[in-house]
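Below is one structure, written out as structure tokens; comments come after it.
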Amino acid sequence: MSKNTQNAILTIGDERYELPVIVGSEGERAIDVRNLRNDSGCITFDPGYANTGSCTSDITFVDGERGILRHRGYPVEQLAEHSSFIETVMLLIFGELPTQRERDTFREMLINQELLHEDLLHHFEGFPPYGQPMSILSAVINSFASYHPDLLDIQTPEEFRLAVGKIISKVRTIAAFAYRKSLGKPLVYPDPNRSYCANFLHMMFSIPYKEFEPTRAQVRALSLFLLVHADHEQNCSTSTVRMVGSTQANLFASISAGICALWGRLHGGANAAVIDMLESIRQGDLTVTEYLEKVKNKEMRLMGFGHRVYKSFDPRARILKQAAHDLLLEQDKHNDPLLEIAKELENAALSDDFFIERSLYPNVDFYSGIILRTLGIPVNMYPVMFAIGRMPGWIAHWAEENHGPTKIHRPRQVYTGPVQRDYVAIDDREPRG
Ligand code: CMC
């Protein structure tokens, strides 16, 4: 970060304030208002924080106008083509692509950490059979704080690496156990001889005496799905992790809060909402044209479309659209009706003024559900899959928040409620209609 030579000038009434302008490594400029309230008595007003930088960060660069996403400088397209999810995890969290030796050591760590503490399994018994996998994931990750008290106050790089290994490895096991619990199926333990993604698919779909052997294309599609979700700078769940972490809450509690933030339909719940939307069109509830009419009348949103930051295209959506095609081809499912409806919706929306004027394009969730569906993953697991992918981003941001000069996140507000009034005894209060 550098200081611009020019300052911003703000005039309020007769008062004039000079505000420094700071510049990021990609030339983005920000007006530094840190002293504004002290100097002027005013705060800035930005509901939804669309114009507010909450931190500086070295991790991920997004340029929404040009459809650019880079992690530690590397374009997501290059990572998707040449790298794997686990390499991207290491890049995000530790700052560099790993050497072969570092990669092997990390793999060893993931293998050592893949089992859950046996006592933790009782937690799964405590959830009802219809328990939501997202609530189970959030609760179990939060409970790590009780099972690993030695990692509550991480001080050394070794402790941090251990905590990272535990979360990145065990999150697969928790997710798969939550799924199997919801079906009343026996739990399948991890197999140390399988890769990260193959092992997850094994825990999801193997049954006693019949091991599930995923194809290379299935493993590749899952790795790509997780990779494109790995980080996306200050999105809602990551900002939540940073906010909770800014109180010096432990890593597990902060990540658990991030999972909860991700759950909503406008964030990590959107991939499931896309499949609901495509299914309802397939079942004939509405045609594509009728659906878009309702969207334009603001009766509903086109799920998987639009983004707070991307205003030309979402590079992740392009990668996943191709990956969905490749996976379906490999599975010999050339004509998935939902993929056809998705493409029809996309084409119709991209040539419609409503979407053009508002710069609405397919986002990462538009095609990701098709991949998950093709992999046989049920819809209530979709946000969980997003959470597994986003785990490295959350951890990297939590670490950055904790290693930097920490300041508790505490926005202000413009109060619009009643001005001071005096207490009225209950017998003297006016009846309300
Ligand atoms: N369908 C229809 N209209 C939309 C959509 C959409 N998907 N998204 C935005 N708009 C319209 C909105 O009605 C508004 O129109 P107007 O100016 O006439 O009032 C305008 O576009 C701006 O919308 P906004 O809500 O102010 O934009 P935002 O930046 O606050 O919202 C968003 C971003 C992602 C929440 C929103 O685009 C949306 O709801 N999309 C659908 C849900 C979705 O796919 N979410 C996944 C996001 S990507 C993965 C992730 O990060 O979680």
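We count ligands from 1, going down the list as the structure has it; atoms in each ligand are counted the same way. Along the sequence shown, residues carry numbers from 1.
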Q) Under 4.5 Å between any side-chain heavy atoms of M277 and L302, yes or no? A) yes
Should the proximity of [X] to ligand 1, defined as any heavy atom under 4.0 Å, be assigned to the side chain, the backbone, both, or neither?
X: R358; result: side chain
X: F354; result: side chain
X: H232; result: neither
X: D314; result: neither
X: N363; result: side chain
X: V295; result: side chain

Show which atoms of ligand 1 fall inside a sub-4.0 Å distance from at least one heavy-atom site of [X].
X: L266; answer: 39 (O), 45 (N), 46 (C), 47 (C)
X: D365; answer: 46 (C), 48 (S), 49 (C)
X: G306; answer: 34 (C), 37 (O)
X: G304; answer: 43 (C), 44 (O)
X: R308; answer: 28 (P), 29 (O), 30 (O), 33 (C)

Q) Going from OH on Y17 to CD on E15, what distance comes out if it is rounded to the nearest 0.5 angstrom? A) 4.5 Å
Residue, atom name and distance, where the atom is the protein heavy atom closest to [atom]:
atom: atom 4 (C) of ligand 1; result: L360 CD1, 3.5 Å
atom: atom 51 (O) of ligand 1; result: H267 ND1, 3.6 Å
atom: atom 48 (S) of ligand 1; result: H307 CD2, 3.5 Å

Near-ring test [Y]/[X], centroid separation under 6.0 angstrom:
X: F366; Y: F305; answer: yes
X: Y189; Y: H202; answer: no
X: H123; Y: F127; answer: no

**Q.** Whether H307 and H232 hold their rings parallel, tilted or perpendicular, with breakpoints at 30° and 60°
**A.**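 H307 and H232: perpendicular rings.
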Q) Short check: is a protein heavy atom less than 4.0 Å from atom 21 (O) of ligand 1? A) yes
(Q) If we count only non-hydrogen protein atoms and require a distance under 4.0 Å, does atom 1 (N) of ligand 1 qualify as touching the protein? (A)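 True for atom 1 (N) of ligand 1.
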**Q.** Selected option - heavy-atom contact closest to atom 39 (O) of ligand 1, from R301, M300, R265
**A.**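 The residue whose heavy atom sits nearest atom 39 (O) of ligand 1 is R301.
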Q: Just go through R316, K298, M303 and tell me whose heavy atom is the nearest to atom 42 (C) of ligand 1.
A: M303
Q: State whether E114 and R172 are salt-bridged, where the test is any N-O pair (Lys NZ or Arg NE/NH1/NH2 against Asp/Glu carboxylate O) under 4.0 Å.
A: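 Yes, E114 and R172 are salt-bridged.
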Q: May I ask you to establish whether R161 and F94 are in a cation-pi arrangement, using a distance under 6.0 Å from NZ or CZ to the six-membered ring centre and at most 45° from the ring axis?
A: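 Judged by the rule (NZ or CZ under 6.0 Å from the ring centre, within 45° of its axis), R161 counts as positioned above F94.
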Q.
Taking the cut-offs as 6.0 angstrom to the six-membered ring centre and 45 degrees off its axis, would you call R358 and F354 a cation-pi pair?
A.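 Here R358 passes the 6.0 Å and 45° test against F354.
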Q: Assess whether side chain to side chain donor-acceptor pair (under 3.5 Å) is satisfied between E293 and N297, documenting all intermediate values.
A: CA-CA 6 Å; E293 277 314 305; N297 289 335; 4.8 Å; no
Q: Check the pair T238, H397 against side chain to side chain donor-acceptor pair (under 3.5 Å), reporting the backbone distance first and the verdict last.
A: CA-CA 7 Å; T238 303; H397 283 273; 5.4 Å; no
Does [X], backbone or side chain, put an N or O under 3.5 Å from an N or O of ligand 1?
X: F305; value: yes
X: N235; value: no
X: A270; value: no
X: L302; value: yes

Q | side chain to side chain contact (heavy atoms under 4.5 Å, CB included) between Y196 and F85, intermediate numbers included | A | CA-CA 9 Å; Y196 187 87; F85 175 58; 3.7 Å; yes
Q.
Within the supplied structure, the quantity of interest is the number of heavy atoms (other residues, nucleotides, ligands) at a distance under 6.0 Å from R318 CZ; does it exceed 12?
A.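 Incorrect, the count does not exceed 12.
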